[in-house]
Amino acid sequence: MSGLFTKDIVVLDVTSRLISAIVGVKKAQSVFGIKSIVEKEQPGYADGEWFDETATVCAVKTVLSEAMRAANSRSKRLFIGVPGEFVTVVSKSVSVKLDRRRRIADDDIDYLLNKGYDFATPEFVLINTSAVSYSLDGEEKLYSDVRGMYAENVEARVSYILAERGFIKTFDRASEDLGFKDVRYVASNWAECVTLLDSEQRESAFVLIDVGYLSSSVSVAKGEGVIGMKSFSLGGAHISADICEALDVPFEYAEEAKTLVDINLNYSENKMLVNRDGQEIRACEVVPIVKSRLDVFAGIISNILDDFGEDAPSYTPIYLTGEGIAAMRGVKKYLSEKVGKNIELITPKLPGYVNAEESSKTALLLMSDTLSKNSIGDVIKSIFNGGKK
């Protein structure tokens with residue numbers, strides 16, 4: 001059997017700290033067997049630019065080669081997650097009039113979603129298209145899906161996610177060098193929005209904040225689509241760097257102190273978070289440093305929420321995930337107070353992978369499984385269309 005049709009799901013997760021390759025196979029509903037997972041730190045990025053692109057590509061090839069070998073996988077299909085700093089989101093209303101009032105078919109929805117993509121640019125490549133909501137025949141009622149329903153006019157708010165062409169070219173070359181024949185790109189934040197929340201939670205608009213190591217993203221989403229997204233180059237590592245600089249301690253000790261402190265407690269001067277190798281880090285000294293940086297996060301998040309406007313009204317649920325700050329003690333309460341809105345922590349539900357730092361990789365794995373369901377049909381269709389989907 002060709003490697004294109006194996007049941008293995010191969011995912012490459014790209015964050016501002018790690019390159020992670022995961023090979024898995026779905027065993028049952030919501031049950032995945034992880035054949036291998038290989039991770040390697042990389043220099044990262046800021047403002048959509050790699051600090052060392054050569055080192056990043058080397059990390060990509062290393063983790064993919066090792067993961068495929070460890071899993072004994074021959075799959076030629078690869079799903080690559082695109083971080084928020086390398087994507088842009090366009091959402092717009094699109095409508096179609098059918099030939100008559102009739103049952104809405106899959107092809108009608110495909111035509112509707114594709115119709116609105118009339119803004120192609122040389123700098124970006126369309127990677128994901130999905131509907132935020134649908135309406136029928138001018139009615140105000142909104143639907144998450146209208147397939148099988150009867151109507152003459154179908155309108156939808158459609159989300160188009162585009163990746164920077166430079167990102168695509170870089171990862172295409174690396175993937176081709178490793179022998180992958182079918183490379184697909186998935187916006188990591190979109191995958192998180194769709195998989196971390198269940199369908200009932202996504203019936204109304206919500207905000208998902210993913211604070212990473214060096215980079216963070218804030219998305220407003222609904223249904224199957226992202227309405228808007230903004231990214232900024234600030235993450236949990238900047239808190240550690242503040243502690244490192246202010247207290248003149250090694251960075252790794254600052255990282256440890258950040259994970260141990262509870263910013264909502266009043267510590268005595270004797271409470272030590274780290275005390276070894278002649279280095280002392282007192283909890284009472286760390287708290288104001290952490291709060292000062294979190295105040296910066298809160299200000300940026302508040303401005304982004306204001307920019308979302310009516311797409312994210314005051315009652316919109318807000319969720320926090322990612323490896324940067326979600327695991328810090330007291331961060332939910334502190335950020336909620338500073339932003340002036342209740343913020344809830346959200347983590348993956350995949351057994352064995354339930355920490356916020358694993359949100360992007362598990363979201364990509366789940367989304368790649370969903371996208372793989374039509375893979376064989378898409379390949380067959382492309383054969384009959386001269387290789388074009």
Side-chain angles (χ1 to χ4, degrees), residues 9 11-16 20 22 48 78-92 94 109-110 113-114 116-117 119 124-134 144-145 156-165 167-168 171 183-199 201-212 215-232 304 308 311-312 316-322 346-350 356 358-374:
I9 301 170
V11 169
L12 185 73
D13 182 36
V14 182
T15 71
S16 55
S20 305
I22 307 102
L78 172 64
F79 292 89
I80 299 177
V82 186
E85 289 204 23
F86 297 92
V87 304
T88 187
V89 177
V90 177
S91 65
K92 58 189 295 189
V94 186
I109 299 301
D110 290 342
L113 298 180
N114 292 328
Y117 182 55
F119 48 89
F124 291 92
V125 178
L126 179 67
I127 58 170
N128 303 137
T129 304
S130 54
V132 174
S133 61
Y134 297 92
S144 58
D145 193 4
R157 186 169 188 182
V158 184
S159 171
Y160 300 93
I161 302 183
L162 302 92
E164 291 184 5
R165 191 173 295 275
F167 183 99
I168 300 295
F171 283 79
V183 181
R184 306 183 182 191
Y185 292 87
V186 181
S188 300
N189 297 101
W190 171 64
E192 288 181 343
C193 287
V194 176
T195 63
L196 292 182
L197 286 84
D198 58 37
S199 57
Q201 291 174 300
R202 291 186 277 109
E203 288 182 355
S204 299
F206 62 91
V207 171
L208 181 65
I209 304 169
D210 185 318
V211 177
S215 178
S216 304
S217 297
V218 183
S219 307
V220 57
K222 179 182 178 183
E224 301 295 323
V226 173
I227 301 171
M229 185 184 71
K230 292 183 181 293
S231 298
F232 53 97
I304 291 175
F308 285 154
D311 286 327
T316 305
I318 303 176
Y319 302 96
L320 171 67
T321 195
I346 191 166
T347 59
K349 302 177 180 67
L350 189 66
E358 296 163 330
S359 288
S360 61
K361 64 172 66 74
T362 56
L364 286 170
L365 183 64
L366 293 170
M367 183 55 66
S368 298
D369 171 63
T370 298
L371 296 174
S372 294
K373 291 177 181 178
N374 297 323

J.: Do the side chain of Asn128 and the main chain of Ala187 share a donor and acceptor less than 3.5 angstrom apart?
T.: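 Yes.
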J.: Does any part of the side chain of Phe124, heavy atoms only, come nearer than 4.5 Å to the side chain of Thr88, both counted from C-beta?
T.: yes
J.: Could you give the distance from OG1 (Thr129) to CG (Asp110), rounded to the nearest 0.5 Å?
T.: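 Going from OG1 on Thr129 over to CG on Asp110, the span is 10.0 Å.
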J.: Given Ile80 and Val186, is the side chain to side chain contact (heavy atoms under 4.5 Å, CB included) satisfied, shown in steps?
T.: CA-CA 6 Å; Ile80 299 177; Val186 181; over 6 Å; no
J.: Aromatic rings Phe119 and Tyr117: how do their planes relate, parallel, tilted or perpendicular, breaks at 30° and 60°?
T.: perpendicular
J.: Which value, rounded to the nearest 0.5 Å, describes the distance between Arg165 atom CZ and Leu162 atom CG?
T.: 10.0 Å
J.: Taking Tyr319 as the fixed residue, which of Thr347, Val207, Ile209, Leu197 is the one that meets the side chain to side chain contact (heavy atoms under 4.5 Å, CB included) rule?
T.: Leu197
J.: Would you call Val14 and Val82 a side-chain contact if the rule is heavy atoms closer than 4.5 Å?
T.: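 Val14 does not reach Val82 side chain to side chain.
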J.: What I'd like to find out is whether the side chain of Arg184 reaches to under 4.5 Å of the side chain of Leu78, using heavy atoms alone.
T.: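 Side-chain contact under 4.5 Å: no.
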J.: Where is the tightest heavy-atom contact between Thr15 and Ser360, given as atom of each residue plus distance?
T.: CG2-OG, 3.8 Å
J.: Less than 3.5 Å apart, which donor and acceptor atoms pair up between the side chains of residues 219-232 and the rest of the protein, not counting sequence neighbours?
T.:
from	atom 1	to	atom 2	distance (Å)
Glu224	OE2	Arg202	NH1	3.0
Ser231	OG	Gly84	O	3.3
Ser231	OG	Ser217	OG	2.7

J.: Looking only at heavy atoms, what is the nearest atom pair of Pro83 and Ser188, with distance?
T.: N-OG, 4.1 Å
J.: Run the side chain to side chain contact (heavy atoms under 4.5 Å, CB included) test on Leu371 and Met367 for me, step by step, so that the C-alpha distance in whole Å, both residues' side-chain angles and the decisive distance to 0.1 Å come before the verdict.
T.: CA-CA 6 Å; Leu371 296 174; Met367 183 55 66; 4.1 Å; yes
J.: Tell me the closest heavy-atom pair linking Ala156 and Tyr134, and the distance in Å.
T.: CB-CD2, 3.6 Å
J.: I would like to know whether Leu320 and Val211 meet side chain to side chain contact (heavy atoms under 4.5 Å, CB included); could you show each step before the answer?
T.: CA-CA 8 Å; Leu320 171 67; Val211 177; 3.9 Å; yes
J.: Could you walk me through whether Val87 and Trp190 pass the side chain to side chain contact (heavy atoms under 4.5 Å, CB included) check?
T.: CA-CA 10 Å; Val87 304; Trp190 171 64; over 6 Å; no
J.: Any chance the side chains of Thr321 and Asp210 put a donor and an acceptor closer than 3.5 Å?
T.: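 Distance-only check fails for Thr321 and Asp210.
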J.: What pairs with Ser368 under side chain to side chain contact (heavy atoms under 4.5 Å, CB included), at least two apart in sequence or on another chain?
T.: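 If we apply the side chain to side chain contact (heavy atoms under 4.5 Å, CB included) test to Ser368, skipping adjacent residues, the hits are Ile9, Val11, Phe79.
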J.: Starting at CD of Gln201, measure out to CG of Leu196 and round the result to the nearest 0.5 Å.
T.: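 Gln201 atom CD to Leu196 atom CG measures 9.5 Å (nearest 0.5 Å).
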J.: Identify the two heavy atoms, one from Ser16 and one from Gly212, that lie closest to each other, and give their separation to 0.1 Å.
T.: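 Minimum heavy-atom separation between Ser16 and Gly212: OG-C, 4.4 Å.
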J.: Measure from the side-chain N and O atoms of Tyr185 to the backbone N and O of Ile168, and report whether any donor-acceptor pair falls under 3.5 Å.
T.: yes
J.: Look up atom CD1 in Ile161 and atom CG in Asn189, then write down how far apart they are to the nearest 0.5 Å.
T.: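 Answer for the CD1-CG pair, Ile161 versus Asn189, is 8.0 Å.
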J.: Using every non-hydrogen atom in the two residues, find where Gly48 and Glu85 come nearest and quote the distance to one decimal.
T.: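 Distance-wise, the nearest heavy atoms are N-OE1, 2.7 Å.
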J.: Return the CZ to CD1 distance between Phe206 and Ile346, rounded to the nearest 0.5 Å.
T.: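 Those atoms lie 8.0 Å apart.
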J.: Without swapping roles, check the side chain of Lys92 against the backbone of Val158 for a donor-acceptor pair under 3.5 Å.
T.: no
J.: Specify the closest pair of heavy atoms between Leu113 and Ser130, including all atoms of both residues, with the distance to one decimal.
T.: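 It is CD2-C, 4.4 Å.
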J.: Which value, rounded to the nearest 0.5 Å, describes the distance between Glu358 atom CD and Ile22 atom CD1?
T.: 10.0 Å
